[in-house]
Participant: 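Take this structure first; my questions come after.
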There are 2 protein chains.
Amino acid sequence: MPVSIVLFEDNDRLRESLAYLLNSDPDYTVTGDYNNCNLAVDIIAELAPDVVLMDIDMPGKTGISGVTMVKQTRPETAVIMYTVFEDDERLFQCLCAGANGYLLKKTPPARLFDAIQEVLNGGAPMSPNIARKVLNSFQQKTDNLYNLTDRETDVLQLLVKGNSIKVIADALNMAFDTVRSHLKKIYLKLHVNCGKEAIAKALNEKLI
Amino acid sequence: MPVSIVLFEDNDRLRESLAYLLNSDPDYTVTGDYNNCNLAVDIIAELAPDVVLMDIDMPGKTGISGVTMVKQTRPETAVIMYTVFEDDERLFQCLCAGANGYLLKKTPPARLFDAIQEVLNGGAPMSPNIARKVLNSFQQKTDNLYNLTDRETDVLQLLVKGNSIKVIADALNMAFDTVRSHLKKIYLKLHVNCGKEAIAKALNEKLI
DNA sequence: TAGGCTATCACTCATTTGAGTGATTATTAT
DNA sequence: ATAATAATCACTCAAATGAGTGATAGCCTA
């Protein structure tokens with residue numbers, strides 16, 4: 001049985017040529033193609049495709065919510081984004097929504113067959129730039145963006161683990177009021193007003 | 001000028017056959033091969049290779065600290081992990097250390113040339129399983145692991161942004177004491193003792 | 001050597017928070 | 001119909017925290 005594919009792509013010419021290309025190989029069959037993903041839930045439930053190729057910028061719902069809908073309806077359907085966008089914002093939104101691959105439209109069309117095979121074999125096809133961005137996102141290290149001193153960093157690290165001032169003081173062998181003194185400077189430097197905000201900022205921006 | 005490559009791999013037979021394979025193509029040259037990465041800093045500083053192939057399990061320092069050393073010494077050298085390990089633990093440690101690619105040893109050797117080209121072109125070659133794991137890591141949403149109710153989730157979301165009880169109460173149109181009531185249940189369910197710990201746990205485990 | 005930065009500690013005061021206890025209402029499940 | 005759960009609100013009390021102010025000592029630099 002050929003691999004069944006559904007396309008969501010608002011550029012009619014592109015969508016039709018993609019369908020033509022994929023259908024030209026008997027191992028693949030496009031069972032549906034749409035210029036928006038507003039009804040993605042019903043479509044996916046009905047067609048139950050193996051693979052979805054999803055554009056991002058479409059009238060109505062974006063491809064990002066498209067991924068969410070597909071995955072909620074049928075998690076086993078593999079979704080490959082197919083878009084011109086390579087900004088971090090949209091990229092990571094798609095990944096968080098559950099995309100299984102991310103190809104830029106400059107990808108040579110022949111590579112689509114490889115990508116579909118790859119995703120069916122449990123892989124995650126990505127354009128080179130995209131893969132690099134994804135890997136880079138793991139390299140934390142904000143080069144001490146807020147100019148915290150060594151001691152302030154010590155205090156912040158313990159604070160972020162949820163320790164109270166008293167415990168931090170014990171752990172670092174300093175007086176209770178010294179910790180509070182450091183905390184005040186930390187809050188100033190991070191532009192926050194309390195420990196809770198500092199923890200949130202430190203974790204979100206990987207300052208620790 | 002051929003692409004210069006350094007190998008760190010403690011299996012002598014494998015290392016030698018890799019070197020032989022890569023040297024067989026005049027576009028590539030292995031300028032050094034080592035059975036451990038203890039002296040990686042000096043080696044990289046001296047040889048300044050374009051690409052490093054790095055094993056993980058080696059006598060002395062692991063390939064994980066190997067990546068760190070290479071990247072600290074010469075960030076522009078691309079490091080491709082080449083290992084049998086595909087556990088999340090080591091994988092993400094390597095990525096955080098700055099690895100630019102991650103290939104499993106079951107990769108067909110011919111694919112090494114592609115991978116090296118890919119990494120030189122700003123890509124991030126990964127074995128399919130690895131790429132999938134990496135993408136999956138973005139799908140947060142621990143399916144309500146701690147059985148928080150809808151309202152508790154509302155409160156936690158606001159808490160995590162650093163809001164005070166008073167602000168949360170206003171935002172959710174509930175009484176101050178209602179928020180405190182929800183917070184107590186949240187702390188119970190998360191097994192924490194205070195808001196700071198709750199924030200840390202929520203962010204670390206992506207509960208929100 | 002004078003000024004700046006860091007690390008240290010102290011004291012006050014008002015606010016915030018955690019913990020304990022208890023209660024009402026509505027919805028859901030058995 | 002009864003029990004369980006969720007959501008709501010109230011009150012107390014002690015502890016933790018933030019903000020303000022100030023001080024001392026060591027180190028580095030201009």
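Each chain gets a letter, A, B and so on, in the order the sequences are listed, and its residues count up from 1.
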Participant: Rounded to whole angstroms, how far apart are CG on B:Asp170 and P on C:dT16?
Facilitator: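 About 12 Å, once rounded to whole Å.
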
Participant: Just how far, in rounded Å, is P of D:dT5 from CG of B:Asp150?
Facilitator: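 In whole Å, D:dT5 P lies 17 Å from B:Asp150 CG.
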
Participant: Could you tell me how far apart B:His182 (NE2) and D:dC9 (P) are, to the nearest whole angstrom?
Facilitator: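 One finds 8 Å between P of D:dC9 and NE2 of B:His182, rounded.
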
Participant: Salt bridge check, A:Glu118 against A:Arg111: does any charged N sit closer than 4.0 Å to a carboxylate O?
Facilitator: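 Counted as a salt bridge, because a side-chain N and a carboxylate O are separated by less than 4.0 Å.
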
Participant: Is it true that A:Lys106 and A:Glu86 have a side-chain N and a carboxylate O under 4.0 angstrom from each other?
Facilitator: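 Between A:Glu86 and A:Lys106 there is a salt bridge, with a charged N closer than 4.0 Å to a carboxylate O.
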
Participant: Less than 4.0 angstrom between a side-chain N/O of B:Thr178 and OP1 or OP2 of D:dC9, yes or no?
Facilitator: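 Yes, because at least one side-chain N or O of B:Thr178 sits under 4.0 Å from OP1 or OP2 of D:dC9.
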
Participant: So does A:Thr149 get a side-chain nitrogen or oxygen closer than 4.0 Å to the phosphate oxygens (OP1/OP2) of C:dC5?
Facilitator: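 Negative; the distance criterion is not met.
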
Participant: Can you confirm whether the side chains of B:Glu152 and B:Tyr146 place a donor and an acceptor under 3.5 Å from each other?
Facilitator: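 No donor-acceptor contact under 3.5 Å links the two side chains.
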
Participant: Identify, with sequence neighbours excluded, every residue that meets salt bridge (Lys or Arg N to Asp or Glu O under 4.0 Å) alongside A:Lys185.
Facilitator: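 Salt bridge (Lys or Arg N to Asp or Glu O under 4.0 Å) check on A:Lys185 returns nothing, list empty.
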
Participant: What is the distance, rounded to the nearest whole Å, between atom CG of A:Asp154 and atom C1' of C:dT8?
Facilitator: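 Taking atom C1' of C:dT8 as the reference, CG of A:Asp154 is at 14 Å.
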
Participant: What is the minimum heavy-atom distance between A:Leu190 and A:Lys201, and which atoms define it?
Facilitator: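 Shortest heavy-atom contact: O-NZ, 2.9 Å.
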
Participant: Please give me the minimum heavy-atom distance between A:Pro49 and A:Ser4, naming the atom from each residue.
Facilitator: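 A:Pro49 and A:Ser4 have their closest heavy atoms at CA-OG, 3.4 Å.
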
Participant: Between P on D:dT8 and CD on B:Glu152, what's the gap in Å once rounded to a whole number?
Facilitator: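 In whole Å, D:dT8 P and B:Glu152 CD are 10 Å from each other.
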
Participant: Looking at A:Asn100 and A:Val79, would you say the former's side chain and the latter's main chain have a donor-acceptor pair under 3.5 Å?
Facilitator: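 Yes; judged by distance alone, with no hydrogens or angles, the pair exists.
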
Participant: Is any NZ, NE, NH1 or NH2 atom of the basic residue among A:Lys105 and A:Asp55 found under 4.0 Å from an Asp or Glu carboxylate oxygen of the other?
Facilitator: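 A salt bridge is present here (some side-chain N lies under 4.0 Å from a carboxylate O).
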
Participant: Rounding to a whole Å, what distance do you find between B:Ile186:CD1 and D:dA6:P?
Facilitator: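 For the pair B:Ile186 CD1 and D:dA6 P, the rounded distance is 12 Å.
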
Participant: Quick check on the helix from C:dT1-D:dA30 to C:dT30-D:dA1: what's the angle between its two end axes, five base pairs per end, to the nearest 10°?
Facilitator: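 The helix from C:dT1-D:dA30 to C:dT30-D:dA1 shows an end-to-end axis angle of 50°.
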
Participant: Between atom CD1 in B:Ile168 and atom P in C:dT15, what is the gap in whole Å?
Facilitator: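 Rounded to the whole Å, the gap is 19 Å.
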
Participant: Can you measure B:Lys189 atom NZ to D:dA7 atom C1' for me and round it to whole angstrom units?
Facilitator: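 So the two atoms are 11 Å apart, to the nearest Å.
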
Participant: How does protein reach along nucleotides 17-30 of chain C, written 5' to 3' as B (base within reach of a heavy atom under 4.0 Å), S (only sugar-phosphate), or - (no contact)?
Facilitator: BBBBB---------

Participant: So, for A:Cys94 and A:Ile64, which heavy atoms are closest and what is the spacing to 0.1 Å?
Facilitator: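 A:Cys94 and A:Ile64 have their closest heavy atoms at SG-CG1, 3.7 Å.
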
